[in-house]
Amino acid sequence: MSYAYLFKYIIIGDTGVGKSCLLLQFTDKRFQPVHDLTIGVEFGARMITIDNKQIKLQIWDTAGQEAFRSITRSYYRGAAGALLVYDITRRETFNHLTTWLEDARQHSNSSMVIMLIGNKCDLDSRREVKKEEGEAFAREHGLIFMETSAKTAANVEEAFINTAREIYEKIQEGVFDINNEANGIKIGPQLSPTNPNLGSGGQSSSSGGSGCC
Amino acid sequence: MEEDHVEESTTQEEAVDDKWILELETALLSSCDMNVIRKISNQKLIPNSLRNEYWQVCLGIKGRVKVLEDIFDLPEQNQIRNDCNKLVDNRLDNSSSEKLSILSDLESIITNFSRLYNCPYESSNGWIELLEKLIHLNVKRDELFKVFESIQLRYISKYYNYRDHKVDQSSKSPSFQYLQPFHLLRLLLLYHDPELCNFFDSLKLTPESYTATWFRSLFCFLCDHSVSLILLDNYFTYANPFLVFFLSLVMIVNLKEELTVKTDRDEIIKTLSTIPSSLSDSDIKDMFFIADQHFLSKTPSSIRDFESLLFQVYQQTEVQSDLCQLSDLSSLLCLPISVNELIASCENEGNLHYFVVDCRPPDQYNNGHLSTAFHLDCSLMLNDPSAFSIAIQALLQSQKQAIDAKSVAAGEHLCFMGSGREEEDCYVHMVVSSFLQKHHRYVSLLYGGYESLHRYIMERQIERHHLADHCPKMCLSCKANQSTMMNGKTTLGNESKLSKDVDQITSVFFQKFSKVVKPKITEMKDKLVEYVANPNQKPIVKHVSSMDKLGQRYKGNKFSLDDQFADFDCDEEDEFGEEIKFDNRQEVNIEEWKKKMNPIGFFECYEIISDGTQIPGYLAMTESNLFILKESKNRKDYGTISVQRPLEMIVQITSKRRHPEIITFKYGHAGPDNESVLIAKDSIFLQNPFDVTRMIKQQVVKLLDQNSSNTD
């Protein structure tokens, strides 16, 4: 399918916070309560529409274990957006956010959009981290914030799409250099024919120009 | 009657038994080496009376003298005394005077070992557990110390004994050094049974939670003493410090079905950690056999590089691979393979054969790659997942065919190769992850990627044996290192020597080729190959069997039925500058080989290698293959197979105008546009070239006819 833009995302956070479940809910609209631990890195994709433009999200889901940090790091490079996830029922996953954030900032491009996600908000009875704490952390570090539930699908769409919208706005403002693929943004076949200057970063495709308005 | 008969046979067996025991005894008395006694004992039960001698030889400590000190002033001395007391009081049923002497021996051994190696005593070192079994050797204190010391240093992870290394002081959790052996076990489990490994990982069940007691006492802690001693007999006979991992694998994988239905982590840990206690005398032999045959022999020998990481005393090797420098195994995605092992395997010297999957971007692959490597375009995984899964299918299919054809570069074991640069290696990691997620076993990653491979090859100037398509001007690794580029150029020069003065007799039968090309090959299948293997990739021959139906290969429009003289263009000569040789270094008895293979034709010849040297040997043709055998230098009637080629791959047989006895076979397959792509050639000197070549041509025609009728 043709698209105007392709954004690369990376999902990070401690093991067991629900990264793979969020991805599955977003790409397949289903929830799998029991699943295998992510080995290394997995990958998912979905098309969304912003401002009447088709945008393909290419999402990298990483293993949360400490040991695989060095592998995870290589995926920060070339990501336009990051979903930083913690589990509202486990305080320690919230406490580790600082290290994750440092890691992300250090290895990514400076304009990467980071969305902080407090997952498992359906388990309110077991809540250990208040929503306000999440909000405060996000404000302090300049992140967008949402609480989601991969189980009930609450806010899952929004989390991915709001991140995309933020990236899209940054493109409009000229913050992102879209011709540099290292920023995690590709011009799709929809846009390239109408704007030859942007074509270099795009994919070659026969159906160019079709969906653009 | 029957009973009598049975008795008789047992006495006979005993008589036979006695004989080897006597033999062993004699050998042990003389200063024999390990191989001798290993051969004599041949995995039989070692009698306890000879055990100490046997172990001394195996452990290489025979005749060594240790002088123990009688100073007992360690800070942990009380703890030591208590634990020794507990052991003697509770676990031994000797007389009280014996107990007293055992007690003083134990304390002395532990105290001396602790002081000598500067490792503090803790109950969790497992020393007492090991010593408890060793007491049954019934030897003097100093002898016992030697055995204990040797086992600790050679066979038990050094981190049990390291001061301050066991626990990370800041987090109070086990230190990363202490965890190294457990990480290795996990990697090995991942290699042999990714499904089970992933099951454990998902339950956050790490190996140290159930194998800590196994490792620290070589399983002795839980086994009863007779089982322990038999186990140690075998252990020292195999003399491989990594056996502990493979024995663990046997035990874990053996319980797989039982374990995977459980969901409670603690229950699984309990089941696992007590496995050794259920071992009986008779299990040991089988267990070692399975560990050796099923796991050890199917594991990359690169793990040997971790010996210095894990054990206090290790074998010094001349050539150190990059893996020796690795200090943390926890962050590895899968088992790493050293460049050294990969190259050895390409030279048919390693214990395993690898199917190498090159995951670098296409342009990098095209400017130089391992001649046996398959290319897999990883970007497909992101951009076109369905194409990617087709590519994977094709890859596995090719691998299977290569294995069926017993090709040298084929292997059940997959070795993935990235570029060695972080920014690109995220792709190879992604592909490896996807294989592991699909529970594909025998998955490994070349440590250091192409960058390391390139460096290794250039340093040793073995470029022409291992690299294909190498273009120093474009190759990123060459560009990064100007000096290696110079090497590349000098080697390039030698290649085209042979091309001059070559006339060609284009052989008879090539029009038939077009019939052989399967009309039924669907477009998709063609596509498969495109995804997996770059069309320019020549060394495909190594992977592809003569039965291969995947791609177009035998079209050769430029050839005609008539013998023709045609000029050879230089470009083509360059194309197959890389010689691909079937270099099976194992010598075979030529007569036996002939019996086995039953060749249709067998002729004396001289193989001419690229520098002009002539090597005496034989040319043999079976129904489907052409072989060149090299005569052994040392043994009469023996030889090595230097080349094996499927007959259908022959695209040209040429002779030199001035020396008609020199015949050159050229092999290839159909490339794009039905141009034949030449892959390799062999030149030989023959006494009766015309008879021989006629015979070969006839056989090829016959074969092609058969093939085309089969496909109709």
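In what follows, chains are A, B, ... by sequence order, proteins preceding strands, each numbered from 1.
When the shell of 6.0 Å around NZ of Lys151(A) is examined, it contains 12 or fewer heavy atoms from other residues, nucleotides or ligands. In this structure, Arg126(A) places its CZ atom where only 12 or fewer heavy-atom neighbours from other residues, nucleotides or ligands lie under 6.0 Å away. Residue Gln172(A) places its CD atom among more than 12 non-hydrogen atoms of other residues, nucleotides or ligands, all under 6.0 Å distant.
Between Met381(B) and Phe43(A), the closest heavy-atom pair is O-CE2, 3.4 Å. Across every non-hydrogen atom of Leu332(B) and Phe68(A), the tightest pair is O-CE2, 3.6 Å. Residue Ser70(A) comes nearest to Ser331(B) through the heavy atom pair OG-CB, 3.7 Å, listed as atom of the first residue, atom of the second, then distance. For Ile39(A) against Gln437(B), the heavy-atom pair with the smallest separation is O-NE2, 2.8 Å.
With rounding to the nearest 0.5 angstrom, the CD atom of Gln65(A) is 11.0 Å from the OG1 atom of Thr206(B). Within the model, atoms OH of Tyr75(A) and CE of Met430(B) stand 6.5 Å from one another, a figure rounded to the nearest 0.5 Å. Here the CG-OG1 distance, from Leu436(B) to Thr38(A), works out to 12.5 Å after rounding to the nearest 0.5 Å. One finds the NE2 atom of His429(B) at 11.5 Å from the CH2 atom of Trp60(A) (value rounded to the nearest 0.5 Å).
Residues of residues 180-198 of chain B that come within less than 4.5 angstrom of chain A, heavy atom to heavy atom, are Arg186(B), Asn198(B) in numerical order.
Proximity to chain A (any heavy atom under 4.5 Å) is shown, for Leu203(B), by neither the backbone nor the side chain. Contacts of Glu42(A) with chain B are made by both backbone and side-chain atoms, with heavy-atom separations under 4.5 Å.
In terms of heavy-atom pairs under 4.5 angstrom with chain B, the leader among Arg69(A), Arg73(A), Arg77(A) is Arg77(A). When Leu37(A), Thr15(A), Thr72(A) are compared by the number of non-hydrogen pairs under 4.5 Å with chain B, Leu37(A) comes out ahead.
The only option from Asp425(B), Leu333(B), Val432(B) that meets the side-chain contact (heavy atoms from CB on, under 4.5 Å) definition with Ile71(A) turns out to be Leu333(B).
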